[in-house]
There are 2 protein chains.
Amino acid sequence: MLQLSKKVEYGLIALRHMAMKPNGNVVTTKELANEYDLPYELLAKIMQKLVKGGVVRSLQGVKGGYTLAQKPSELKVASIIRIIEDSKPMVAECYTDGPDGCYLFYNCTIRRPLGKLQRNLNVLFDRMTVQEII
Amino acid sequence: MLQLSKKVEYGLIALRHMAMKPNGNVVTTKELANEYDLPYELLAKIMQKLVKGGVVRSLQGVKGGYTLAQKPSELKVASIIRIIEDSKPMVAECYTDGPDGCYLFYNCTIRRPLGKLQRNLNVLFDRMTVQEII
DNA sequence: ATAATGTCCGACCCCACAAGTCCTATATTC
DNA sequence: GAATATAGGACTTGTGGGGTCGGACATTAT
Ligand code: SF4
Ligand code: SF4
């Protein structure tokens, strides 16, 4: 519990890989999957999300692949998680889904206090960038 | 993802409840389950774990129940999670299970860098106590 | 022009694990 | 000894993360 999802880990591994190559270098999903022994199709999905999220650019066709769209120092881990998971890393489901997310919502005594934790978490993930994991 | 488990939430709600009552006050699982609309049997299990973990004391038999074993200001959220989940809140499974936990272990490039994140997380959960969620 | 090689994307399956339930034993009070 | 509490093993259920498949589209090389 409280673990990063595999998808996020794969995404970070991929981004780190790209960040280490000389700027503008194109890398394919196959390369990444082989190099780190990651499940190809899954990684492909992740890369597509990263494109939609604007952190990498894609080049289609033969000789295609992916390239970073931002400087590693600008790639916040928080953003990457949000892009891959479709939501920020939240400490309680009601924080993402609102009152409908949990039947305890209205008589939950820890919801507000957990806000502190959440804020601190946000800071933590906002501070860390891909640059730092090189 | 990254959410606290329901068990932990229930545990925190229960502990908070006890922390607000005058010192030494005995509270039963039934009371707690009714008051906050929590699943009785599940909550019972959690309370038993908290007893084993030494954060609450149990009194058996009629007129029995639970009472805090420590001051709210000493009840760290980190400990509570560890007691209920049988392990600390970890950012990656290899941190709890070691090399056997993840087949990527030996050629994982983000394992070490994530250590920073883990340390910061530890600090976060170690700092927060039940006192703070009152 | 067509084959090769890449991304794009929806639909689907699988299963480990969180969450919840049931049932019985044991301790304590009145 | 009846009532009420915890203790704890065994079990079922539901969900979502992780993984897979198949086909469409884009680009390049020959
Ligand atoms: S309402 Fe309370 S119990 Fe429900 S998700 Fe939010 S914090 Fe957790
Ligand atoms: S080895 Fe890498 S991928 Fe596997 S759990 Fe640890 S950090 Fe995550």
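Just so it is clear: chains get the letters A, B, ... in the order the sequence lines come, proteins before strands, and each one is counted from 1. The basis for the numbers below is simple: all heavy atoms, side chains too, and nothing from hydrogens, waters or symmetry mates.
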Distance check: side-chain N/O of [X] vs OP1/OP2 of [N], anything under 4.0 Å?
| X | N | value |
| --- | --- | --- |
| Thr29(A) | dG6(C) | no |
| Lys30(B) | dA5(D) | yes |
| Tyr10(A) | dG19(D) | yes |
| Lys63(B) | dT4(D) | no |
| Ser58(B) | dA5(D) | no |
| Tyr103(B) | dG18(D) | no |

Can you tell me how far [atom2] of [N] sits from [atom1] of [X], to the nearest Å?
| X | N | atom1 | atom2 | answer |
| --- | --- | --- | --- | --- |
| Leu38(A) | dT20(D) | CG | C1' | 15 Å |
| Lys49(B) | dA19(C) | NZ | P | 12 Å |
| Leu104(A) | dA19(C) | CG | P | 12 Å |
| Gln3(A) | dG18(D) | CD | C1' | 13 Å |
| Leu59(A) | dT28(D) | CG | P | 9 Å |
| Leu2(B) | dG16(D) | CG | C1' | 15 Å |
| Ile84(A) | dG19(D) | CD1 | P | 13 Å |
| Asn34(B) | dT4(D) | CG | P | 14 Å |

Pairs satisfying ring pair (Phe, Tyr, Trp, His ring centres under 6.0 Å), at least one member in residues 42-83 of chain A, at least two apart:
none

Can you run down the salt bridge (charged side-chain N to carboxylate O under 4.0 Å, His left out) pairs that involve [range], sequence neighbours left out, and say none if there aren't any?
| range | answer |
| --- | --- |
| residues 18-35 of chain B | none |
| residues 96-111 of chain A | none |
| residues 2-14 of chain A | Lys6(A)-Glu9(A), Lys6(A)-Glu93(B) |
| residues 40-61 of chain B | Lys49(B)-Asp86(B) |

Taking Watson-Crick (N1-N3 plus N6-O4 or O6-N4) and G-U wobble (N1-O2, O6-N3), each under 3.5 Å, can you produce the dot-bracket string of DNA chain D? Use [ ] for crossing pairs and | for inter-strand ones.
||||||||||||||||||||||||||||||

May I ask you to test the Leu114(A)-Tyr95(A) pair for a side-chain heavy-atom distance under 4.5 Å?
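In short, these two side chains touch, coming nearer than 4.5 Å.
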
Within the 4.5 Å heavy-atom criterion, are Val55(B) and Leu68(B) side-chain neighbours or not?
no

Partner residues of [X] under the side-chain hydrogen bond (donor to acceptor under 3.5 Å, both in side chains) criterion, sequence neighbours left out:
| X | result |
| --- | --- |
| Gln60(B) | none |
| Glu132(B) | none |
| Tyr36(A) | His17(A) |
| Glu85(B) | Ser5(B) |

Look at the side chain of Lys52(B) and decide which nucleotide, out of dG8(D), dT7(C), dT21(C), has an atom nearest to it.
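Per side-chain heavy atoms of Lys52(B), the pick is dG8(D).
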
Can you check nucleotides 21-26 of chain D for protein contacts, nitrogen or oxygen pairs under 3.5 Å, and list what you find?
| residue | atom | partner | partner atom | Å |
| --- | --- | --- | --- | --- |
| dA26(D) | O4' | Gln60(A) | OE1 | 2.8 |

Taking the nucleotide of DNA chain C with the nearest heavy atom to each, does Gln48(A) or Val8(B) sit closer to the 5' end?
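Nearest-nucleotide comparison on DNA chain C picks Gln48(A).
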
Between the protein and nucleotides 14-18 of chain C, which nitrogen or oxygen pairs come in under 3.5 angstrom?
none

Please work out if Tyr66(A) contacts a base, only the sugar-phosphate, or nothing of the nucleic acid, heavy-atom cut-off 4.0 Å.
sugar-phosphate

Straight-line distance of Leu50(A) CG to Ile84(A) CD1, nearest 0.5 Å:
5.0 Å

